[in-house]
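Just so you know, these numbers come straight off a predicted model, no measurement behind them.
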Amino acid sequence: MTPAAQSSAAPRAWPEEAARVPAWIYSDPALFERELEVFHHGATWSYVGLECEIPEPGSYKRSWVGRRPVILVRDKDGEINVLENRCAHRGTMVCWQNRGQAKDLTCPYHHWNYDLKGNLQGLPFLRGALGKGGMPRDFDKSAHGLRRLRVERRGGTVWASYSEEAPSLEAFIGPEMLACIDRVFPANRRLRLIGYNRQHLPCNWKLYFENSRDPYHAGLLHSFFVTFGLLRTDTPFRAVPTEGGRHGIMASTYSPETASQQNEVTQQLTSWRPDFRIQDMELVKPVDEFGDSSMINLSVFPSVFFQQHGNCLAVRQILPKSQSETELSWTHYGFENDDPAMQARRLKQANLVGPAGYVGIDDSEVLAQLQPSAEKLPEALQVVEMGGRDTGAHETMVSETLIRSFYAFYRASMGL
């Protein structure tokens, strides 16, 4: 056996230091498969969509729980169901369109037909043809419907779980995070769908997860944030791990008065571009619609980030595809009572994020470079000591506490 083969066959262990992350976790295919079972198909809740995406009976939308395709559908009684998008006959995907309207669901392969609750209604040649073939007389249609997941809803968001043992959605998310979610999904305001974009990231899902829990990089990498004062290291900020590191809150304060000020912080930043100009400043001058001057990024494990960057409200659904590929599904929304000026402002500010966003494109490029580095040097260690080695709440952007707390939770859940 070669030394390389010996090394790859040896059992891997997490380093003793709490502020170190081994690079092999980003490229191990067996670990990736186990993550899917533990985090997506186990006793957890996954975000699958918004109620406003399926506004009336018969409306449906395709979504995912981990790598398993599901159908989010409103039945004739107005109830929302989440069904596994897999025919009970031979496993063909039943629904092929991303969104639409249907009175029932029919598999394109052998035309097995289901109602919008997932019950098998009928199938061709149940009793054969010309006296031959057909299903056995004891075939039970009631036992061959589409698999139904548990469903819970809150503030217009829809969640699904494969597990009957999972706690309630409220208990899974926890009170501190629920209060933040309720702020951007208030129960007294109906949601309005604005649109979608999707992007492919050539990296492990955890690299993206780290990135979106990392305020330290935001004031360095993103020139748009720094130059126009949308997110600056010298403004009030909170990084709060919740539920033992499972979830994470990032909240900053936007101040138009300090947005363009220069001080000792901006003097250290090469991303600070005081000569940079844009034609339409409404793109970077948000209105304080929630009355608290806050901008937030909420990481709700395992499947979603909720963000409010200025007046851009968006959901980022994380879709792990392999140990080295991740897809992001972005859903932009507003409220039904938005006036035309706010509708236009949300559309403009949506240009900050997404595949070609003025801010989002920075992360995409960095993450594309990180994955091959992790694959080539799997035994390397990543250092996450900024702000110390603890896993508590911090009131500064210059911290990696949300990453440390996440990996404390991750290791306990995975037994690493």
Side-chain angles (χ1 to χ4, degrees), residues 47 155 157 173-174 176-185 197 199 201 205-222 224-226 228-233 235-243 245-255 284 286 288-290 292-318 326 328-333 346 349-355 357-364 366-367 384 386-387 393-406 409:
Y47 166 88
T157 62
I173 293 177
E176 197 165 9
M177 179 63 80
L178 279 174
C180 294
I181 292 175
D182 290 345
R183 174 183 172 276
V184 287
F185 292 99
N197 49 46
Q199 68 185 108
L201 295 173
W205 66 271
K206 293 185 292 298
L207 287 172
Y208 183 77
F209 222 84
E210 292 174 18
N211 171 269
S212 295
R213 287 191 177 200
D214 174 16
Y216 176 38
H217 88 279
L220 300 167
L221 176 65
H222 300 309
F224 248 79
F225 274 162
V226 176
F228 296 108
L230 292 171
L231 188 61
R232 289 174 47 135
T233 309
T235 56
F237 186 88
R238 292 189 306 132
V240 184
T242 70
E243 301 303 305
R246 176 191 292 153
H247 313 307
I249 299 166
M250 293 200 303
S252 64
T253 301
Y254 171 76
S255 169
V284 292
D288 184 13
E289 62 177 305
F290 295 102
D292 54 14
S293 300
S294 290
M295 295 200 295
I296 56 92
N297 184 28
L298 308 176
S299 163
V300 185
F301 189 79
S303 61
V304 70
F305 288 87
F306 300 118
Q307 69 167 58
Q308 174 238 328
H309 286 169
N311 303 115
C312 172
L313 301 174
V315 180
R316 286 179 274 167
Q317 187 181 11
I318 302 170
T326 304
L328 294 183
S329 178
W330 294 76
T331 304
H332 294 263
Y333 72 96
R346 294 200 199 284
Q349 294 180 14
N351 286 293
L352 292 170
V353 297
Y358 298 130
V359 174
I361 197 169
D362 301 336
D363 294 321
S364 301
V366 168
L367 293 172
V384 286
M386 186 57 66
H394 287 191
E395 294 189 353
T396 175
M397 287 177 61
V398 190
S399 171
E400 293 168 321
T401 187
L402 290 173
I403 299 175
R404 290 191 295 272
S405 62
F406 167 68
F409 160 78

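- To the nearest 0.5 Å, atoms CZ (F306) and CG (N297) are separated by 11.0 Å.
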For S299 and R213, what are the C-alpha separation, side-chain angles and deciding distance, and is it a side chain to side chain contact (heavy atoms under 4.5 Å, CB included)?
CA-CA 7 Å; S299 163; R213 287 191 177 200; 2.8 Å; yes
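- Separating the CG atom in D362 from the CG atom in L367 is a distance of 10.5 Å, to the nearest 0.5 Å.
- Here the straight-line distance linking atom CD of Q307 with atom CE of M250 works out to 10.0 Å at 0.5 Å rounding.
- Looking at D214, its side chain never comes within 3.5 Å of a backbone N or O of A218 through a donor-acceptor pair.
- Of all heavy-atom pairs between A251 and I296, the closest is CB-CG2, 3.9 Å.
- In this structure, Y208 OH and S364 OG are separated by 8.0 Å, a value rounded to the nearest 0.5 Å.
- Closest approach of R316 and S212 over heavy atoms only: NH1-OG, 3.1 Å.
- In plain terms, the two heavy atoms of G310 and M295 that are nearest each other are N-SD, 2.9 Å.
- Using a distance-only test at 3.5 Å, with no hydrogens or angles considered, no donor-acceptor pair links the side chain of N311 to the main chain of P286.
- R246 forms no cation-pi arrangement with F301, by the criterion of a distance under 6.0 Å to the ring centre and an angle within 45° of the ring axis.
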Taking it one step at a time, do H332 and V315 satisfy side chain to side chain contact (heavy atoms under 4.5 Å, CB included)?
CA-CA 6 Å; H332 294 263; V315 180; over 6 Å; no
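- Between F305 and I318, some side-chain heavy-atom pair lies under the 4.5 Å cut-off.
- A donor-acceptor pair is defined here as one N or O able to donate and one able to accept, closer than 3.5 Å; such a pair exists between the side chain of S405 and the backbone of L402.
- With rounding to the nearest 0.5 Å, the separation of OG1 in T326 from CG in L207 is 8.0 Å.
- The number of heavy-atom neighbours closer than 6.0 Å to OH of Y358, taken from other residues, nucleotides and ligands shown, is 12 or below.
- Scanning both residues, T396 and V398, for their nearest heavy atoms gives OG1-N, 3.0 Å.
- Between P355 and I361, every side-chain heavy-atom pair lies at or beyond the 4.5 Å cut-off.
- Proximity of a side-chain donor or acceptor of Q199 to a complementary backbone N or O of S329 within less than 3.5 Å is not detected.
- The structure places NE2 of H247 at 7.5 Å from CD1 of I181, a figure rounded to the nearest 0.5 Å.
- Under the side chain to side chain donor-acceptor pair (under 3.5 Å) criterion, Q308 pairs with R183, not counting sequence neighbours.
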The test is side chain to side chain contact (heavy atoms under 4.5 Å, CB included); show your working for M177 and I249 and say whether it passes.
CA-CA 7 Å; M177 179 63 80; I249 299 166; 3.7 Å; yes
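- A donor-acceptor contact shorter than 3.5 Å links the side chain of S303 to the backbone of Y47.
- When all heavy atoms are compared, the tightest approach of S252 to F237 is CB-CD1, 3.6 Å.
- The backbone N or O of M386 sits less than 3.5 Å from a side-chain atom of E400, completing a donor-acceptor pair.
- Evaluation of the ring pair (Phe, Tyr, Trp, His ring centres under 6.0 Å) rule for Y216 yields no partner, not counting sequence neighbours.
- For E289, the salt bridge (Lys or Arg N to Asp or Glu O under 4.0 Å) partners at least two apart in sequence or on another chain are R346.
- Taking the six-membered ring where tryptophan is involved, the planes of F406 and F409 are tilted, since the angle between them lies from 30° to 60°.
- Between the side chains of D363 and H217, a donor-acceptor pair is found at a separation under 3.5 Å.
- Side chain of H394 to backbone of A239: no donor-acceptor contact under 3.5 angstrom is found.
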